[in-house]
Protein chains: 4
Amino acid sequence: MTAAVPSASNDKRAAILDSALFLLANRGFHGFSIKRLAEGAGVAVGTIYLYFKDREDVINQLHGEIIRHVAGKVFVDHDTSLPLDEQYRRMVRNLWQFCVDNPETLYCKSQFDNLPPHLQRSQREDSHQIFEPLLVLYAKGREAGIIRDLSDDVLSGLAIEPCFFLVRQHLRGFIDITDEMRDTIIAASWRAISP
Amino acid sequence: MTAAVPSASNDKRAAILDSALFLLANRGFHGFSIKRLAEGAGVAVGTIYLYFKDREDVINQLHGEIIRHVAGKVFVDHDTSLPLDEQYRRMVRNLWQFCVDNPETLYCKSQFDNLPPHLQRSQREDSHQIFEPLLVLYAKGREAGIIRDLSDDVLSGLAIEPCFFLVRQHLRGFIDITDEMRDTIIAASWRAISP
Amino acid sequence: MTAAVPSASNDKRAAILDSALFLLANRGFHGFSIKRLAEGAGVAVGTIYLYFKDREDVINQLHGEIIRHVAGKVFVDHDTSLPLDEQYRRMVRNLWQFCVDNPETLYCKSQFDNLPPHLQRSQREDSHQIFEPLLVLYAKGREAGIIRDLSDDVLSGLAIEPCFFLVRQHLRGFIDITDEMRDTIIAASWRAISP
Amino acid sequence: MTAAVPSASNDKRAAILDSALFLLANRGFHGFSIKRLAEGAGVAVGTIYLYFKDREDVINQLHGEIIRHVAGKVFVDHDTSLPLDEQYRRMVRNLWQFCVDNPETLYCKSQFDNLPPHLQRSQREDSHQIFEPLLVLYAKGREAGIIRDLSDDVLSGLAIEPCFFLVRQHLRGFIDITDEMRDTIIAASWRAISP
DNA sequence: CATGAATGAGCTTTCATTCAT
DNA sequence: CATGAATGAAAGCTCATTCAT
């Protein structure tokens with residue numbers, strides 16, 4: 001996987017972003033302090049500022065990494081020759097698995113998505129580019145009449161968001177979801193956008 | 001002391017909670033400072049501590065108020081003699097309308113729901129009690145075979161959460177939802193939990 | 001002298017400005033830290049920010065106080081009915097005495113006056129207003145032909161600045177100036193601007 | 001090691017001192033950071049510490065260079081066979097010209113001269129040695145009765161300092177001084193120390 | 001010699017909480 | 001009950017200095 005040379009530089013930067021992921025997931029924006037960030041990364045406070053402009057920059061770059069990371073996993077076995085519902089099933093199962101494997105990333109994402117309007121980041125464009133295959137799927141589905149004629153955002157709200165929500169509840173231990181239930185849920189989410 | 005009359009005391013307490021709602025919705029937990037809270041409520045800083053133990057307590061009590069407020073509106077025209085799908089449609093439309101009428105309450109709720117695990121409040125029990133009519137509906141639906149055999153939480157995740165999510169996106173101006181689309185969405189959310 | 005009620009508020013503010021004067025005079029801008037400022041004033045760090053917007057504001061207000069303080073002393077026995085050279089002698093002797101009595105104020109002033117161009121404050125206008133009687137004296141002297149026909153600034157540079165410089169050297173212990181020498185110096189400074 | 005040849009070593013040292021001059025003149029002690037110093041000199045941060053013990057040492061050595069530089073220019077056409085007032089006129093005109101040609105050096109000097117007592121450098125001895133011809137002139141003048149019987153320091157304070165001050169004001173754009181005015185000012189400064 | 005990544009003490013500023021009035 | 005001046009811990013960030021390369 002990690003093909004590039006893991007230079008010392010990248011090690012520190014990566015350690016800081018790892019620490020940031022952990023911190024944001026577990027303590028939220030409020031608990032995300034530079035001191036804790038440095039401790040978690042095993043570096044001095046000043047070192048943070050060699051790799052990032054300021055606190056804001058750490059958070060922004062973390063957001064970018066998260067988006068790239070998740071997209072890389074979700075479309076790993078994407079195959080446009082399959083039936084649309086099967087494509088959808090694969091994507092969401094990958095997404096689900098990714099969340100289970102990387103709960104901290106999931107928690108971070110929901111922190112970003114629920115920032116108050118004031119602080120909202122310009123994340124939507126990034127997400128759109130990254131999740132393009134899903135948008136293509138929506139378009140084809142609408143054309144073929146097997147997906148309801150609703151906008152991309154509404155479709156995602158009906159289909160993908162419930163999955164995000166339920167994994168989160170699952171990972172938090174609020175509800176228990178077996179593999180079988182997971183498939184039922186994914187099927188249900190597909191049904192929500194079927195005509 | 002006197003139970004019935006809304007005393008001056010209660011006025012101050014209510015003013016503080018109102019200010020808290022506004023602040024949390026618009027500035028997030030980060031911008032939620034006692035000084036701003038006092039300013040918004042038109043009281044002195046010290047006064048906050050006469051009605052609440054500390055910052056945390058204000059937030060916790062705000063959460064309770066929100067839950068009670070929303071429940072009061074959602075079940076206002078609840079009628080168990082109607083068909084289940086019609087009962088569901090009424091509830092969700094009320095919920096939708098409530099969110100549109102009280103966007104700040106909605107923003108606050110999503111702030112609470114997405115707190116990192118560390119800070120998570122014991123909100124789930126409250127919610128359960130408050131939304132009891134919805135749970136009853138689920139139970140009847142499962143029994144009658146017109147709602148999938150999934151746990152209450154999963155059903156809510158598939159049906160209610162998408163609605164919350166989409167109103168939020170709508171109110172934030174990310175997507176535009178007409179009244180007609182709203183009904184389509186509510187119908188779709190029902191379909192997601194239909195067998 | 002101090003007619004106004006010395007309210008508690010003013011006490012703190014005055015204590016902070018006193019501490020600022022001492023600090024700036026003895027440690028310079030570099031040694032002027034908020035922590036030391038608070039220590040010197042006998043207040044907590046946060047208290048500074050109740051009376052001043054920020055570090056910059058403390059320094060600006062200190063500058064204003066200094067200007068007002070010195071002007072108040074220099075023209076205390078100003079009498080336009082006296083001959084110009086006697087008026088001049090009085091002013092400069094008062095100025096000299098003021099510097100001897102308030103060495104820290106003098107040190108501060110020279111810190112302000114020698115800031116690098118980048119940070120220069122808009123102090124010249126203030127000074128002009130405050131030292132108006134001196135400017136009037138210059139004007140009359142030029143008209144009467146007993147002061148050289150040079151601009152106000154040049155006259156001050158030739159006459160007043162040497163006095164400032166020499167008191168400073170004196171107070172620093174670099175040179176020793178007796179009262180008699182002082183009068184000789186003042187006379188010499190008048191001669192520098194005589195035709 | 002090798003004394004005569006201006007080795008590469010000396011180049012670096014000179015570059016650092018040049019950068020220091022620029023920095024101190026334009027940003028003051030506050031803006032004088034090692035990082036900026038290195039950038040300006042085109043060397044790495046660590047290199048500074050090969051040529052200087054620490055920040056303080058750079059500043060001290062800069063001070064020495066400045067004194068030497070100015071002295072070298074002031075006495076370039078010094079001629080003890082000329083009348084004393086002509087000797088004086090030459091020196092001060094050279095000094096004036098030097099300041100006009102090297103405003104940054106002038107700004108630096110005034111920074112040094114107005115340091116708070118705490119940080120004062122042992123500069124006075126240096127100055128004395130360097131400006132020896134001026135001191136000789138004072139001595140001869142006092143003996144001949146054409147310069148007032150005041151100490152060297154006082155004479156400099158009355159005669160030289162006003163010139164420094166006025167060039168500084170001129171270079172800062174606060175006042176405009178023509179060549180003719182300059183000569184008038186120099187004449188006035190001589191008159192201040194004439195009996 | 002020369003580098004610049006790494007350090008951590010120290011800076012300015014904010015803010016939850018207290019308490020004398 | 002109500003106030004708001006006062007506090008000091010903790011935040012984000014800078015920078016002189018060191019040292020492995």
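Keep in mind that the numbers below use all heavy atoms, side chains included, and drop hydrogens, waters and symmetry copies. On a predicted model such as this, the values are computed, not experimentally measured, just so you know. To find a chain, count down the sequence lines: A is the first, B the second, and so on, and within it residues start at 1.
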Exercise for the section: For the pair C/Glu65 and C/Arg68, find out whether any cationic side-chain nitrogen is under 4.0 Å from an anionic carboxylate oxygen. Expected result: yes

Exercise for the section: Starting from P on F/dA16, measure out to CD on D/Glu56 and report it in whole angstrom. Expected result: 12 Å

Handout entry: Partner of D/Val58 by side-chain contact (heavy atoms from CB on, under 4.5 Å), out of D/Leu24, D/Leu37, D/Leu23
Key = D/Leu37

Fill in the blank from the handout: Which of E/dA6, F/dT3, F/dA6 is nearest the side chain of C/Lys12? It is F/dA6

Completion exercise
Of the candidates E/dT17, E/dG4, F/dT3, the side chain of B/Tyr49 sits closest to E/dT17

Problem - Spacing of A/Arg13 atom CZ relative to E/dA5 atom P, expressed in whole Å - result: 15 Å

Handout entry: Position toward the 5' end of DNA chain E (nearest nucleotide), A/Gly42 or C/Ile34
Key = A/Gly42

Problem - Worked verdict on D/Phe29 versus D/Ile59 for side chain to side chain contact (heavy atoms under 4.5 Å, CB included) - result: CA-CA 9 Å; D/Phe29 283 101; D/Ile59 290 173; 3.9 Å; yes

Exercise for the section: Specify the separation, in whole Å, of atom CD of A/Glu39 and atom P of E/dA6. Expected result: 18 Å

Problem - Polar side-chain atom of A/Arg55 near backbone of A/Phe32 as donor-acceptor pair, under 3.5 Å - result: yes

Practice task
To the nearest Å, give me how far apart CG (A/Leu37) and C1' (F/dA10) are.
Solution key: 16 Å

Handout entry: Closest non-hydrogen atom pair, C/Leu171 against C/Pro103
Key = CD1-CB, 3.8 Å

Fill in the blank from the handout: Closest to the side chain of C/Asp54, out of E/dT13, E/dT3, F/dA5, is E/dT13

Fill in the blank from the handout: Between D/Cys108 and D/Ala25 the two heavy atoms that sit nearest each other are SG-N, 3.7 Å

Handout entry: C/Gly46 vs D/Val45, nearer the 5' end of DNA chain F by closest nucleotide
Key = C/Gly46

Handout entry: Value in whole Å for how far the C1' atom of E/dT14 lies from CZ of B/Phe29
Key = 19 Å

Exercise for the section: Give one of base, sugar-phosphate or nothing for D/Phe52, where a contact means two heavy atoms less than 4.0 Å apart. Expected result: nothing

Problem - Atom-pair distance (CZ on D/Arg27; C1' on F/dC15), nearest Å - result: 14 Å

Problem - Nearest-angstrom distance from the residue atom CG of A/Asp57 to P of F/dG12 - result: 14 Å

Exercise for the section: Considering just the side-chain nitrogens and oxygens of B/Lys35, establish if one lies under 4.0 Å of OP1 or OP2 belonging to E/dA16. Expected result: no

Problem - C/Tyr51 side-chain proximity, nearest of F/dA5, E/dA16, F/dT7 - result: F/dA5

Practice task
Could you tell me the separation between the CD1 atom of B/Ile48 and the C1' atom of F/dC1, rounded to a whole number of Å?
Solution key: 14 Å

Practice task
Looking at every strand, decide which applies to B/Ser33 at a 4.0 Å heavy-atom threshold: base, sugar-phosphate, or nothing.
Solution key: sugar-phosphate

Completion exercise
Which of E/dT17, E/dT14, F/dA11 is nearest the side chain of A/Arg36? It is F/dA11

Completion exercise
Between D/Val43 and B/Lys53, the residue closer to the 5' end of DNA chain E by nearest nucleotide is D/Val43

Fill in the blank from the handout: Of the candidates E/dG4, E/dT13, F/dT7, the side chain of C/Arg55 sits closest to E/dT13

Completion exercise
Here DNA chain E, pairs taken as Watson-Crick or G-U under 3.5 Å and shown with ( ), [ ] when crossing and | when to another strand, reads .||||||||||||||||||||

Fill in the blank from the handout: Per nearest nucleotide of DNA chain F, the residue lying toward the 5' end, C/Thr47 or A/Phe32, is C/Thr47

Completion exercise
Rounded to the nearest 0.5 Å, the CZ atom of A/Arg36 sits from the CZ atom of A/Arg27 at a distance of 4.0 Å

Practice task
Could you tell me whether a side-chain N or O of A/Asp54 sits under 3.5 Å from a main-chain N or O of A/Glu56, the two making a donor and an acceptor?
Solution key: yes

